[in-house]
Amino acid sequence: MTENRSLQSIRGTRDLLPGETEAWDVVEGIIREVMGIYQYREIRTPLFEDTQLFTRGIGEHTDIVNKEMYTFEDQGGRSLTLRPEGTASVVRSWLQHRLGAQGTVNKLYYLGPMFRQEAPQKGRARQFHQFGAEVIGTDAPEADAEIILLVLAVLDALGLETWALHIGSLGCRECRPGYRDILVEFLAGVESLLCEECKERMKTNPLRILDCKNEGCRLATAKAPSHLDHLDEGCQIHFNAVQALLSDRGIPFTVDPRLVRGLDYYERTTFEVLSPDLGAQDAICGGGRYDGLAQMIGGSDRVPGVGFAAGIERIMLALEAAGVELDFEPICDVALVHIGEAARQRLFALCDILRRAGVACTIELFDRSVKAQMREANRREALLALIVGENELKDGMVTVKNLVDGEEEQVSFEDVVSVVLEKLEKMDDEAVDEEPQDWSEEDDGSEPEPGEAA
RNA sequence: GAGAGAGUAGCUCAGUCGGUUAGAGCACCAGGUUGUGGCCCUGGGGGCCGGGGGUUCAAUUCCCCUCUCUCUCCCCA
């Protein structure tokens with residue numbers, strides 16, 4: 001068995017290449033900026049955890065735990081799992097480090113890879129990336145509303161304007177069993193119409209039957225009693241309050257009586273943000289309240305918490321579908337162009353001096369023609385070219401060419417750094433004058449009328 | 001996990017009803033312009049036709065397996 005096939009990234013994972021990483025940097029930067037404005041602080045938890053954190057937190061009977069986790073044994077025989085989501089880890093960390101010891105409310109956010117062994121397709125990978133935020137320590141409906149407003153603020157800052165917000169309530173520990181009984185009673189009457197999987201769910205998690213996409217199940221459960229009609233007083237008041245807070249901010253939303261999330265730790269508020277541009281995998285964000293989670297993973301008390309998680313790949317796809325441009329090329333200020341070996345050496349040193357002065361420089365490492373070096377400079381949209389050949393070496397000069405207007409001048413080696421800095425500053429000012437930044441948010445109303453063609 | 005489609009140059013794709021040197025556009029390199037970018041012209045380098053096996057005188061083409069991607073179901077971010 002000497003198979004020697006070329007190795008590649010494994011199914012469901014991919015490389016982010018130059019050209020993509022820049023866009024990711026932009027997106028991640030915007031996420032962090034908005035998190036800062038909302039006063040959420042970053043938490044970074046390990047990529048793998050004790051398997052029990054997820055089986056107990058997410059739930060034994062969920063798809064994630066049942067068939068999607070990357071679970072392995074370490075050398076000590078402990079069962080470890082690559083995190084399939086972020087919330088359980090954040091709450092675990094919150095408990096472990098007693099972040100709530102002072103009775104304060106903690107606002108935390110995270111950003112990073114998650115792992116689920118699913119069939120890869122558009123908008124779904126085995127290693128994918130989420131950012132999310134959690135408010136731990138309060139059951140105030142303002143926390144629920146803020147979490148939703150926060151993710152919408154991120155989407156807005158990214159330029160993603162088309163989305164649909166669905167919200168629902170699952171009730172709490174107190175009222176859920178009552179509803180569950182009512183639902184099971186109803187479902188028993190239509191059980192013969194349900195798919196096999198749902199018949200199984202009757203025993204394990206009947207609430208999720210309402211979320212089944214199977215045609216037969218949908219019809220059979222069309223008239224099922226809604227959880228929203230069986231909330232207890234506290235849950236009803238809470239849900240009303242969340243809705244009122246969103247309405248006050250003019251946020252459009254749809255109350256979805258059948259919104260059931262795939263993780264067992266949710267109580268009360270649940271929500272999803274959907275993108276109409278994505279097709280089958282249209283959920284770009286999901287979240288809700290999880291007041292029982294801390295106890296499920298070993299905390300001594302119930303700890304109120306609410307949060308969301310959003311898929312970065314899906315947001316990227318939605319941005320692309322919406323035509324939002326994120327691409328940008330790295331800036332190159334100066335291209336160093338040599339003619340001959342001696343000049344090349346001289347420029348190599350100058351290049352590093354300029355770089356240490358903060359000037360982005362490119363220098364030829366092969367021995368290509370001047371024409372090729374200039375073409376490279378043009379490709380990188382360098383502002384200046386510094387050209388040195390035998391003539392310049394003889395006179396101790398550098399030819400400084402402005403690549404925007406084509407003007408050239410000779411500068412001594414001693415002065416070249418300060419001259420370059422001066423010219424770049426001047427060119428930068430001119431560029432700003434020509435293209436005012438758009439953070440003014442002012443719409444001058446001069447948009448061309450649609451349908452107006454020449 | 002189940003079903004469908006696709007893999008040919010760095011990229012986007014033609015093509016071979018099985019047959020001799022497998023093509024285009026873009027990109028790249030060089031020359032036209034003795035040391036100067038963008039436009040133009042000319043030329044050039046690049047391909048185990050995804051991998052393995054089978055049928056055949058002959059396979060990139062047909063068959064099987066496998067890997068990967070895309071889409072759907074399911075589930076989720």
Side-chain angles (χ1 to χ4, degrees), chain A residues 1 3-14 17 19 58 62-68 83-87 110-132 151 195-198 208 211-215 217 259-263 271-275 278-287 307-318 332 335 337-340 343 366-393 399-408:
Chain A
M1 293 294 252
E3 186 185 24
N4 191 21
R5 69 189 168 86
S6 60
L7 297 170
Q8 52 185 313
S9 59
I10 65 169
R11 182 170 168 77
T13 72
R14 72 185 189 112
L17 302 176
I58 298 169
T62 58
D63 280 4
I64 293 176
V65 168
N66 269 333
K67 45 191 185 191
E68 296 174 5
R83 64 181 187 189
E85 62 107 37
T87 301
Y110 58 86
L111 188 159
M114 306 293 166
F115 307 86
R116 294 183 199 172
Q117 202 161 172
E118 298 185 88
Q121 58 183 273
K122 191 128 196 130
R124 173 185 297 160
R126 290 182 171 179
Q127 174 175 331
F128 61 104
H129 298 78
Q130 289 186 332
F131 67 95
V151 71
C195 68
E196 289 308 311
E197 207 170 337
C198 282
R208 297 199 51 223
D211 201 37
C212 185
K213 303 293 191 298
N214 184 292
E215 183 84 39
C217 297
L259 187 60
V260 180
R261 314 235 60 257
L263 296 85
F271 63 93
E272 287 182 351
V273 179
L274 309 176
S275 166
L278 286 189
Q281 274 67 51
D282 63 348
I284 55 179
C285 168
F308 76 84
I312 299 181
E313 282 87 352
R314 290 188 188 176
I315 286 175
M316 291 297 198
L317 289 168
C332 178
V337 176
H338 71 267
I339 303 129
F366 294 122
D367 204 25
R368 292 189 298 172
S369 66
V370 174
K371 182 174 180 167
Q373 294 181 61
M374 290 299 290
R375 195 162 46 225
E376 181 74 20
N378 188 59
R379 196 160 26 222
R380 294 188 190 223
E381 298 182 65
L383 298 170
L384 300 174
L386 304 190
I387 304 166
V388 174
E390 284 172 23
N391 300 339
E392 286 84 353
L393 281 181
T399 298
V400 178
K401 176 165 185 168
N402 180 325
L403 292 173
V404 177
D405 61 20
E407 301 270 318
E408 283 184 18

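Chain letters run A, B, ... following the sequence lines, proteins first, then strands; residues in each count from 1. For clarity, every value in this text was computed on a predicted model and none was experimentally measured.
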Side chain A:K401 and base B:U36 donor-acceptor under 3.5 Å: yes

So for A:E392 and B:G35, does any side-chain atom that can act as donor or acceptor lie under 3.5 Å from a complementary atom in the base? yes

Hunt down the Watson-Crick or G-U wobble partner of [N], both distances under 3.5 Å, from any strand shown, or write none.
{"N": "B:C48", "answer": "none"}
{"N": "B:A4", "answer": "B:U70"}
{"N": "B:A22", "answer": "none"}

Base, sugar-phosphate, or nothing: which does [X] touch, judged by heavy atoms less than 4.0 Å apart?
{"X": "A:G12", "answer": "sugar-phosphate"}
{"X": "A:E390", "answer": "base"}
{"X": "A:Q281", "answer": "base"}
{"X": "A:R116", "answer": "base"}
{"X": "A:G406", "answer": "base"}
{"X": "A:A377", "answer": "nothing"}
{"X": "A:I284", "answer": "sugar-phosphate"}
{"X": "A:L263", "answer": "sugar-phosphate"}
{"X": "A:A119", "answer": "base"}

Under 4.0 Å from OP1 or OP2 of [N]: is there any side-chain N or O of [X] that close?
{"X": "A:R380", "N": "B:G38", "result": "no"}
{"X": "A:S369", "N": "B:A30", "result": "yes"}
{"X": "A:R368", "N": "B:C28", "result": "no"}
{"X": "A:Q373", "N": "B:G37", "result": "no"}
{"X": "A:R124", "N": "B:A77", "result": "no"}
{"X": "A:R314", "N": "B:C76", "result": "no"}

Spacing of the P atoms in B:C48 and B:U60 (rounded, Å): 13 Å

With rounding to the closest Å, how many angstrom separate the P atoms on B:C75 and B:G18? 44 Å

For atom [atom1] of [X] and atom [atom2] of [N], their distance in whole Å:
{"X": "A:E118", "N": "B:C74", "atom1": "CD", "atom2": "C1'", "value": "9 Å"}
{"X": "A:R126", "N": "B:C69", "atom1": "CZ", "atom2": "C1'", "value": "13 Å"}
{"X": "A:N391", "N": "B:U34", "atom1": "CG", "atom2": "C1'", "value": "12 Å"}

Dump the intermediate steps for side-chain contact (heavy atoms from CB on, under 4.5 Å) on A:R375 and A:R368, then the final yes or no. CA-CA 11 Å; A:R375 195 162 46 225; A:R368 292 189 298 172; 5.7 Å; no

Of the listed nucleotides (B:C74, B:G37, B:C75), which one gets closest to any side-chain atom of A:Q121? B:C74

Among B:U70, B:C75, B:C76, the one nearest A:K122 by side-chain distance: B:U70

Find the distance between CD (A:E85) and CD1 (A:I58) and round it off to the nearest 0.5 Å. 4.5 Å

Whether over 12 other heavy atoms sit under 6.0 Å from A:E390 CD: no

